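A quick write-up on the structure given underneath.
Each chain gets a letter, A, B and so on, in the order its sequence line appears, and its residues count up from 1. Not measured: the values here are computed from a predicted model.
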Amino acid sequence: SLAWNTMLTAYAQGGDMLSATILLQKMPHRDLVSSNIIIQAFASNGCLDESTSVFLTMPQKNVITWNTMITVYAQRGDTQKAKILFDRMPQWDILSSNAMIQVLAHAGRITESKIIFESMPETNVATWTCVISANAGVGNLEEMWRLFSLVEQKDIVCWNALVGGLVTAMQTFKAKEALDRMPSWNVVAWNTVMSAYARDGYLTDAKRMFLSMPFRDHLAWCVLLTGYGECGELLNSIQAFNRMPLHDVVSWNVMISVYALNGCLVQAKSIFDRILEHNLSSCTTMMVAFSVNGHVSCAREVFENMPWKDQRSWTALIAVLARNGHMQDAINAFQAMNLEGISPDEITFIAILSGCSHAGKIIGAREHFLLIQSDFGIDPI
RNA sequence: GAUCUCGCUACGGUUGGC
């Protein structure tokens, strides 16, 4: 079955799910590893439901099985499902805990991630890097520094997390100092500081850094595009875009939002139509651009065509409907979101509540306000 | 021996302030 599994892996990695499925049925003995391969393959081809059903019918599972499912949910931003799986796992390895810490931290659930961190029998640099970023994300800078000083083998990624944390905390100068103290650098380090310059409006510094980088990746270009776009320098943004060696989804997405930000809906849409592989960001950006101009049905069409939807895209839809006076549709969308198992967050509720206030429905708003506390455990105040 | 290979940078959601 080793040979069969190797074949299976080959098909799966080539994205040929049809052949993989056929092979699986022909196999004399499917084992744990075969199922793991299939789960992973379905997931990376966007078929999460298939992954889940294989997972549920597996007679035995190992750590790899569980880790695969956790990472899949994590990548989809479904923190809740990831956490449920994590809690059900019979045992954890470093990878599972790290993945979980990172996801929880990303969702702002720092307390839970701390609990996991403190109960880990063994950690590695990645673990520490996760908690460093987590603390930076919620503004615990002293804790971030403390943790950083405790890391024994600081590698580039760990240093980058520190620099990124300082950038998040709006301490651009300290970030630059940390950058200068790093033993070695990579593109991520430079991009991080560059994005801070751009964010703060220091376009000259951003550009200088861009030019002085020994290597550039496509993200460096994207940071520059974004910087120009946010400072209203549409022409520079377009020019930089045209100079890029190649265009990937992110750079297209940046341009959509730059155009939308500067009121050019038509150009935004034409870029959107030229993208071969839309992702969630492209669609959500486009929806919002439509919404600002009141094109509710166009926004809705983009939404319906999305391969899958996450919390942000659902929230965007709800906001689009609420803002344009379609309160009943917004509430329906909210219920549909819950049925899909995607949990709302405080931003979703603000979207609903502000919609109610525009429509003058105090009673409706009150109902949702109460729901926030009882059903979703979010404190509205 | 085959399967997860987890950490850092970029683009998307709500309201309000100057």
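- Within 4.0 Å of Ala351(A), counting heavy atoms only, lie sugar-phosphate atoms of the nucleic acid but no base atom.
- Here the P atom of nucleotide C8(B) and the CG atom of Leu147(A) are 15 Å apart, to the nearest Å.
- Checked against G13(B), A2(B), G7(B), the side chain of Thr315(A) finds its nearest nucleotide in G13(B).
- When distances are taken from the side chain of Ile64(A) to each of C4(B), G13(B), U9(B), the shortest belongs to C4(B).
- Annotation for Val138(A): hydrophobic cluster partners, listed by chain and number, are Ile110(A) (ILVMFWY side-chain heavy atoms under 4.5 Å, direct or chained).
- Val288(A) comes within contact range of the sugar-phosphate backbone alone, with a heavy-atom separation under 4.0 Å but no base atom that close.
- With rounding to whole Å, Asn160(A) atom CG is found 5 Å from C8(B) atom C1'.
- Between Met209(A) atom CE and U9(B) atom P there is a gap of 16 Å when expressed in whole angstrom units.
- Other members of the cluster containing Val266(A) do not exist, because no ILVMFWY side chain is joined to it at under 4.5 Å.
- Residue-level contact check: Thr192(A) touches the backbone only, with heavy atoms under 4.0 Å from sugar-phosphate atoms and none from bases.
- Side-chain proximity of Gln40(A) to U14(B), C4(B), G7(B): nearest is C4(B).
- Judged by distance alone, with hydrogens and angles left aside, Asp310(A) brings a side-chain donor or acceptor within reach of the base of G12(B), the pair sitting under 3.5 Å.
- Considering only the side chain of Val188(A), C8(B) comes nearest among G1(B), C8(B), U14(B).
- Note on Leu219(A): a base of the nucleic acid sits closer than 4.0 angstrom, heavy atoms only.
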Discussion item. Let's go through Thr79(A) and Arg109(A) carefully: what are the C-alpha distance in whole Å and the side-chain angles of both, what is the deciding distance for side-chain hydrogen bond (donor to acceptor under 3.5 Å, both in side chains) to 0.1 Å, and is it a yes or a no?
Written reply: CA-CA 10 Å; Thr79(A) 316; Arg109(A) 294 162 62 166; 5.3 Å; no
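- Rounded to a whole Å, the NE2 atom of His218(A) is 10 Å from the C1' atom of U9(B).
- Note on Asp155(A): a base of the nucleic acid sits closer than 4.0 angstrom, heavy atoms only.
- Side-chain contacts under 4.5 Å among hydrophobic residues (ILVMFWY), followed directly or transitively, place Ile84(A) with no other residue at all.
- Judged by atom type and distance alone, Asp345(A) reaches the base of G13(B) through a side-chain donor-acceptor pair under 3.5 Å.
- Side-chain atoms of Thr68(A) lie closest to C4(B) of the nucleotides C4(B), G1(B), G12(B).
- The side chain of Cys130(A) approaches G7(B) more closely than any other nucleotide in the set G13(B), G7(B), A10(B).
- Side-chain atoms of Asn279(A) and base atoms of G12(B) include no donor and acceptor less than 3.5 Å apart.
- Here the straight-line distance linking atom CH2 of Trp92(A) with atom CZ of Phe86(A) works out to 5.0 Å at 0.5 Å rounding.
- Nucleotide G12(B) holds its P atom 13 Å from the CG atom of Leu225(A), rounded to whole Å.
- Listed nucleotides U3(B), G12(B), A10(B) differ in distance to Ser195(A); the shortest reach to its side chain belongs to A10(B).
- Of the candidates C11(B), U14(B), G13(B), C11(B) carries the atom nearest the Val254(A) side chain, counting heavy atoms from C-beta on.
- Proximity of Arg312(A) to the phosphate of U14(B): no side-chain N or O atom is located under 4.0 Å from OP1 or OP2.
- With distances taken from any side-chain atom of Thr6(A) to the nucleotides G13(B), G7(B), A2(B), the minimum falls on A2(B).
- Between Asp248(A) atom CG and A10(B) atom C1' there is a gap of 9 Å when expressed in whole angstrom units.
- Nucleotide U3(B) holds its P atom 16 Å from the CG atom of Leu23(A), rounded to whole Å.
- No engagement by Val258(A) is indicated, since no non-hydrogen atom pair under 4.0 Å with the nucleic acid exists.
- Asn45(A) pairs by the side chain to side chain donor-acceptor pair (under 3.5 Å) definition with nothing, not counting sequence neighbours.
- Between Trp314(A) and Phe303(A), the ring centre distance stays below 6.0 Å.
- By the side chain to side chain contact (heavy atoms under 4.5 Å, CB included) test, Ile347(A) is found to be paired with Thr315(A), Asp345(A), residues two or more places apart in sequence or in another chain being considered.
- Of the side-chain N and O atoms in Gln102(A), one or more sit less than 4.0 angstrom from OP1 or OP2 of C8(B).
- For the atom pair CZ of Phe272(A) and CE of Met287(A), the computed distance is 10.0 Å after rounding to the nearest 0.5 Å.
- Using bins of under 30°, 30° to 60° and over 60° for the plane-to-plane angle, the ring pair Tyr197(A)/Tyr202(A) lands in the perpendicular bin.
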Might you list the N or O atoms of the protein lying below 3.5 Å from N or O atoms in nucleotides 16-18 of chain B, with each pair's distance?
none

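- Nucleic acid contact for Val250(A): base, since at least one base atom lies under 4.0 Å from a heavy atom of the residue.
- Distance from the side chain of Ile350(A) is smallest to U14(B) among U14(B), C8(B), C4(B).
- Note: CG (Asn62(A)) to P (A2(B)) measures 14 Å, nearest angstrom.
- Between the side chain of Thr285(A) and the base of G12(B), no donor-acceptor pair under 3.5 Å is found.
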